[in-house]
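Hydrogens, waters and symmetry mates play no part in the numbers below; they use all other heavy atoms, side chains included. By convention in this document, chain letters (A, B, ...) are assigned in the order of the sequence lines, proteins followed by strands, and residues within each chain are numbered from 1.
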Amino acid sequence: MTATSEENGKQKPYDLGAHERALFEAWKDAGYFQRGEGFGPDAGRSYTIVIPPPNVTGVLHMGHALNDTIQDACIRHARMRGFRTRWILGTDHAGIATQTKVDKHLAAQGISRREIGREAFIAACQEWRLEYGTTIVNQIAAMGCSCDYADEQFTMSPEFSAAVRKLFCDWYHDGIIYRGKRIVNWCPSCTTAIADDEAEYEDEKGHLWHLRYPLTEPVEGMEYLVVATTRPETMLGDTGVAVNPSDERYKALVGKTVKLPLVDREIPIIADFYVDASFGTGAVKVTPAHDPNDFAMGERAGLPKINVFDESAHVVDGYGKFSGMSREEARETVVAAFEELGLLDHVDDHDHSVMHCYRCHTTLEPWLSEQWFVAVDSLKGPAAEAVRSGEITFHPARWGQVYLDWLENLKDWCISRQLWWGHRIPMYYCDECGWQDASVDEVEICPNCEAQVRQDEDVLDTWFSSQLWPFATQGWGAFGNEAPDLQRYYPTQVLSTARDIMGLWVARMVMASEYCTGRIPFRDVIIHPTVMGADGKPMSKSRGNGVDPLRLMEDFGADGMRFGLLMQVTGAQAMRFDEQKIEGARNFANKIRNAARFVMMHLDGYEAGAPEPRTVADRWIFSRLSHLVAQVDRCFENYEFGEMTRALYGFFWNEFCDWYIEFSKSRLGDDADPADRAACQRNLLFVLESALKLLHPIMPFITEEIYQELPEKGAPMIIVAPWPDAAELSRFEDEAAERTIEMVCSVVGAIRSARSRYGLSPRTLLCACVKTADAADGETLQAHRSFIVHLGNLEKLEVGTALEKPAESVVALGPGLEVYTVLAGHVDFSEERARMEKEEAKLAADAAKLEKKLSNEGFLAKADPAIIEKDRAKLAELTDKLQRMRAQLAEIG
RNA sequence: GGUCGCGUGGCGCAGCGGGAGCGCAGGUGCCUUACAAGCACAAGGUCGGGGGUUCAAAUCCCUCCGCGACCACCA
């Protein structure tokens, strides 16, 4: 929907890797992409998403890649939760974008649009659409997006056209659509009106010309009035000069007239509060036909509106030598003429912003013309209320205010475009009797006098049809609110989009939906951050900082790109694209594959059964899994995708792989207890399968691929496998187990650290002993000695409360325990001493800081007792550790 | 002009009132039979400047500086 112009080159469709393509086809063939029936307790609830329809001639860019990943994650999550899901896919005809492209294409063959005429041109557009329209849909498929490909929509399909005509007629008959002669932003190159939102401002260096306008009759000795303007050429259409009514300098002049030079027109001097007395000379030339503010002043003062430019911005007939000149020529000539007449007072440099066409970048001309408008006053109230009442929620929430501000400042919307590619305005006119009406059906004969009628030549703004997207895609045009799909799948749940079309599209959908269906179009609006280039600037061709998502998929896989993109999502308004993150995600996918391989290759003698925590390691990983599920659920609820990916990554890599799989190794060997091995196998599978499910919305391909290899599975494919139940898993939460594993890990870490400090190979077998202050801790460690022996690569491990420090050993202090690693012959005691002194100093400093805090009366009086208690415990631990460290130091002398 | 976002170790970011974290890059040691797209260990920051609120501030408020977006627009 946001414009991407890939110049007429045909984009090579992304070639899915063999695995990805096969999985995609399997999902599609099984019908999982189509309107789902749902399952489980939520089967009655619908979850619909409409894709922001990309331009039919567009190609996938990073914005789409991010946005479509977000939507696919949401819809896959909902599908696994058992909702009736539907992700509506389709493309936008993109009036001006497509027309420009086809125009260029024809021009390259020496064909002009005007020569071949409207019908032939539209046929050319259709041809173009058929040729290129599948490109972006295939690219979306390559990403693995689970859209309803079997029911692809198009904003100019017959069904959609019927909806567009219906709304136009309804609004016309309700008096919401009206025709008027107004100033519009006119593109002289595209020769069409452009909506305010479609105009782009660019700062330009310009001049402020000070022109003398001779008074018709001198007033109080004044012969002339000096006006300041940035656009001298428009003076040909001046019909007045305005000053501020409270401006003392000009009070005597109000009501008098000046003789407009060059055209010799006598025009009045009027007073209007719009004029800023402090700017320029305080006197403004008024050109109602070529400036929106002048138009307004002209209306107030009843000035005539004289159009001096034609549709291509050349001076119209009747202006002598100026006629036929372009804007630029006319400017030079007018200024020269003033200079010649001695009426050019002076010229200042002046920077100002100038409107340009968002399509072709031609400078826009404010131009008076007959156009169709939508009166927004009656529409904006309900649209604002929907957000104010919380019926529609923005994520992040602050965008709600931006939305409301946009509505607040909304002015009537110019919907007519002087293009050919688009929905032709369904207005019919009888030139014989003057009959005119809007009609849903085609009209050929005047119902009044039976003469031939003609249809309006203009087409509608593309956004006019886009605003119907959530419901016109569901049968509203043909069946109104009774449409079966509408009843089942409306309102939609989530709309995810970029912020630049918040007003243009989001707000208009709300207004249209409230009017047409009486309901909101969606409940949650996700405004995702803008993907910036590596330099922090918006991606653009001219900057050359763009990244092609197709290339990313080739290099890192669709899963890698998806996960890597979501990892970078923050609540901020922009994200700086970092390809290293995509690479990291690819590595993560590889890690998942390898972990799965490990689990699968240790299934000898596997027997199916329920997961059952048997060891503390089991209890620990189950507890961690339970927390993870709850966290991922929370992230989905709040649409926090960055946090979600970080949580999944951390769990899978740093907990499941780094520790749980390592713990498992000693339980899976030939000499292991068969009952424990069986439990371990089941538990590994259980955690793996759960993690795969949690990862599936983001990494659909690899998770499905592995799921298919699992020895048993609860669903034919993971895409419809039931989502892990946080409430059910919460019974596994086990703080004691988490603490125990923390202790075990810290002992292993102490041994590894000692080994590494002295440059010993991890293969060197060592002896260690752990002295605990608490007998229970000793027993716990004893119970897990195989883990410690295994991960610490020990040949001997002693645990006890009354152990002596072994000779030739180094020490590490933990809470209530001392880990001695024997490094016979390797220890450098001076180095060891230095290290321990450094640690002692740190402990002393930390303890002192805490002591100071705990002796602060204000703190004791006002702080949360739980905090105080925590700090006291912390201090006790630090003090204890400090004493033991000092004892250790004394011992080594 | 208005509104909003961002300034945290070399880089990209998380944390948003009570112990400064993650990823990448860089360092050291390892091809430990799931994974070198890997493993282990270690190093690295007075959280943009200043002021305020608080027992307590990276976290809240004000202000300044720097970067950026959006909306409006001055003839």
- [ ] Considering just the side-chain nitrogens and oxygens of A:Asn856, establish if one lies under 4.0 Å of OP1 or OP2 belonging to B:A56.
- [x] no
Open item on the list: So, taking the atom named CG in A:Leu760 and the one named CG in A:Asn793, what distance separates them when rounded to the nearest 0.5 Å?
Closed with: 11.0 Å
Task: Candidates A:Val687, A:Leu684, A:Leu668, A:Asn594 - the one meeting side chain to side chain contact (heavy atoms under 4.5 Å, CB included) with A:Val599 - done: A:Leu684
- [ ] Please check the phosphate of B:C39 (OP1 and OP2 only) for any side-chain N or O of A:Trp653 closer than 4.0 Å.
- [x] yes
TODO: Looking at every strand, decide which applies to A:Val402 at a 4.0 Å heavy-atom threshold: base, sugar-phosphate, or nothing.
DONE: nothing
Task: Nearest heavy atoms of A:Tyr707 and A:Glu689, plus distance in Å - done: CE1-OE2, 3.7 Å
Task: Strand contacts (RNA chain B) in residues 567-575 of chain A, 4.0 angstrom heavy-atom criterion - done: A:Thr570, A:Ala572, A:Gln573
Open item on the list: Can you tell me how the ring of A:Tyr660 sits relative to the ring of A:Phe656, calling it parallel under 30°, perpendicular over 60° and tilted otherwise?
Closed with: parallel
Open item on the list: Nearest 0.5 Å, please: how far is CZ in A:Arg835 from CD in A:Glu832?
Closed with: 4.0 Å
- [ ] Treat a base pair as Watson-Crick or G-U wobble with both distances under 3.5 Å, then lay out RNA chain B in dot-bracket form, 5' to 3', with | for cross-strand pairs.
- [x] ((((((((.[[[[.)..(..]]]]..((((.......))))......[[[[[..)....]]]]])))))))....
Task: Distance below 4.0 Å between A:Arg576 side-chain N/O and B:G12 OP1 or OP2 - done: yes
Open item on the list: Regarding B:A40, can its base be found pairing with the side chain of A:Arg752 as donor and acceptor, where the two atoms are less than 3.5 Å apart?
Closed with: no
Open item on the list: Under 4.0 Å from OP1 or OP2 of B:G38: is there any side-chain N or O of A:Asn587 that close?
Closed with: yes
- [ ] Classify the side-chain pair A:His207/A:Asp349 by whether it contains a donor and acceptor separated by less than 3.5 Å.
- [x] yes
